[in-house]
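Comments concern the structure below.
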Amino acid sequence: MPPLLQVSNLSVHFPVKSGFLQRQTGVVKALDGVSLEIEKGSTLGLVGESGSGKTTLGRAIVRLIDPTAGSVSYQGHVISTLRGSDLRPYRKKIQMVFQDPYNSLNPRLRIGTILAEPLEIHFPKMSPSDRATRVAELLELVGLDPAHARRFPHEFSGGQRQRIGIARALAVEPEFIICDEPVSALDVSVQAQIVNLLMDLQEKLNLTYLFIAHDLAVVEHVSDQIAVLEHGKLVEEGPSELITTHPTHPYTQRLLASIPSLQ
Amino acid sequence: MAADLLRSLLRRPAGMISACLLLLLYGAALFAPFLSPTIPSAQDLSRTYHPPTALVWQNGHLSVRLYRLVDPSTATYEPLPDQTATLRWFSHGPAYKFFWLIPSTRHLFTVSSPATIYLLGSDATGRDVFTRLLYGAGISLSIGLIGVALTSFLGLTIGGLAGYLGGWPDTLAMRLTEFLMAVPGLYLLLALRAALSSRFPSDATFLLIVVILSALGWAGTARVVRGLVLSLRERPFILAANVIGQRPWTILFRHLLPNTFSYLIVAATLSVPGYILGEAALSFLGLGIQEPSSSWGLMLGQAQDIKIFMLNFWWLLTPGLAIILTVIAFNLLGDALRDAVDPRFRLPGK
């Protein structure tokens, strides 16, 4: 049986253009031949410093960016070349939680509308009243008051907005969620709440996570496996205890050493 | 939604004041034939440059004084003592067509001849300035609204598509806006007027002016909308809409364009004065609305007449005052609307 998600030899290159005629003068290798596997029900933590390609990897999996080379397979089906309506069934299975809770909700729409949008797309037969019930259910699932559906995004705190972002991702009943630095824009006390919410939901709904973060301490807490990216290349991968206790690659050792501690 | 917006607008003092003022102005323009005592083309060559007639209360009726021409060369008029004509309310006067359709002869007030009523004086051919001001309001005010509606529509569509699609449509649209913006506005206005005037019959000048002003005006709106769409396109909520599998057109119409509305509404209300002034500028130069029609710009242009300037320069400046009032009202409305459309500036309570 193939793993839930398999990334093989994935590369994303951005052309660098310069000069008056916009000639291509170089290339930025945001991702350079990365291969990963994620088993159903597990969490893969993806760490690396800024610019190491973590976010690019997440976005390439959900096809916000088209990969230059390599492939992404979901349950054995290659999804990295699908287009339009062929891709839509996988949109229902793979969802994403974004880093910046202040910009990830449309400021002009009420929470109810934001959460109903994925339902309209993926459950077109749902009646408006069923949709409203489902929205209330989702809000409760992420620990918010169902009455909040009538409010606008600006009426919520960062942590609450991140909960709404999680509810939107859960609306389509996905199997796999990419969490792109879901807590790094929040303050520390709220971070723990969101991380615990994500872990509870994983247990309740049997979710699989790709958890992207630059904070090794958080990643260690949530992940079964950890992968370390440096300059678009995968430098180390393994079970999370092993990586955090016995890192072999010098880059991982440096990342670990950079965690501030009280001692 | 619209009712919500209106309520939220009217709860703001600036919104309330400007809405009332504009209602008054547009109401006056709409009912101009009824409100004015005569028709704008009615001349009286024996009463040129007549001063505003005085209203007096006599025998329980509102009446106007009668005047005698003392010296035609300096347009000096003298009120005749104890001679007045009673104002007749809802009486019959010169025939007109209400809304260009319903023929009528009823006016709000008239005076019986030989008396005439010039609330704001008369012009070089003895026509009533007040009447011409009311009739001119229709042209000046609707040019603003129609022009802005056209420009906003063009700007939103072209700018939105250019920003969203990128690539060659973007390049094409932006080079076009640059061309329009690089040519000095007034010259382009004059050139377009010259080039297009042969294609429009002379009584469609009004339409021609709107087309010219909108053709020049959309460039700025389109550029800003494009910029807004470009920056919004990379915002996470747009990425999220992509990830949940929303169709590109729905993303454009549900997520991108509504987020440009607060800019667009303000820009639209703030540019209404631009159109009114644009028409005024063209008419002032004699290239806009032609006699015997009237518009505020045309009347302002006529105020340049040296005779008027030397004698009673302020008579014909009332259209200027009307333009100022309209411009201020639209600016205030723009401000209040911006706050009203943005959910972040909602007033507390319901």
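By convention in this document, chain letters (A, B, ...) are assigned in the order of the sequence lines, proteins followed by strands, and residues within each chain are numbered from 1. This is a predicted model, so every value here is computed, not measured.
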What part of [X] gets within 4.5 angstrom of chain B, counting heavy atoms only: side chain, backbone, both, or neither?
X     : value
A:I94 : backbone
A:R59 : side chain
A:Q99 : neither
A:L64 : side chain

Which of the residues B:V243, B:I238, B:T250 is involved in the greatest number of heavy-atom pairs with chain A at under 4.5 angstrom?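 Max contact count across the listed options: B:V243.
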Salt-bridge test for A:E181 and A:K54: reply yes if a basic N is under 4.0 Å from a carboxylate O, no otherwise.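 Looking at A:K54 together with A:E181, the answer is yes, because their closest N to O distance falls below 4.0 Å.
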So does A:D66 pair up with A:R83, basic N to acidic O under 4.0 Å?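 A:R83 and A:D66: salt-bridged.
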Where is the tightest heavy-atom contact between [X] and [Y], given as atom of each residue plus distance?
X      : Y      : result
A:L207 : A:P174 : CD2-O, 3.3 Å
A:I79  : A:L87  : O-CD1, 3.9 Å
A:G45  : A:V219 : CA-CG1, 3.6 Å

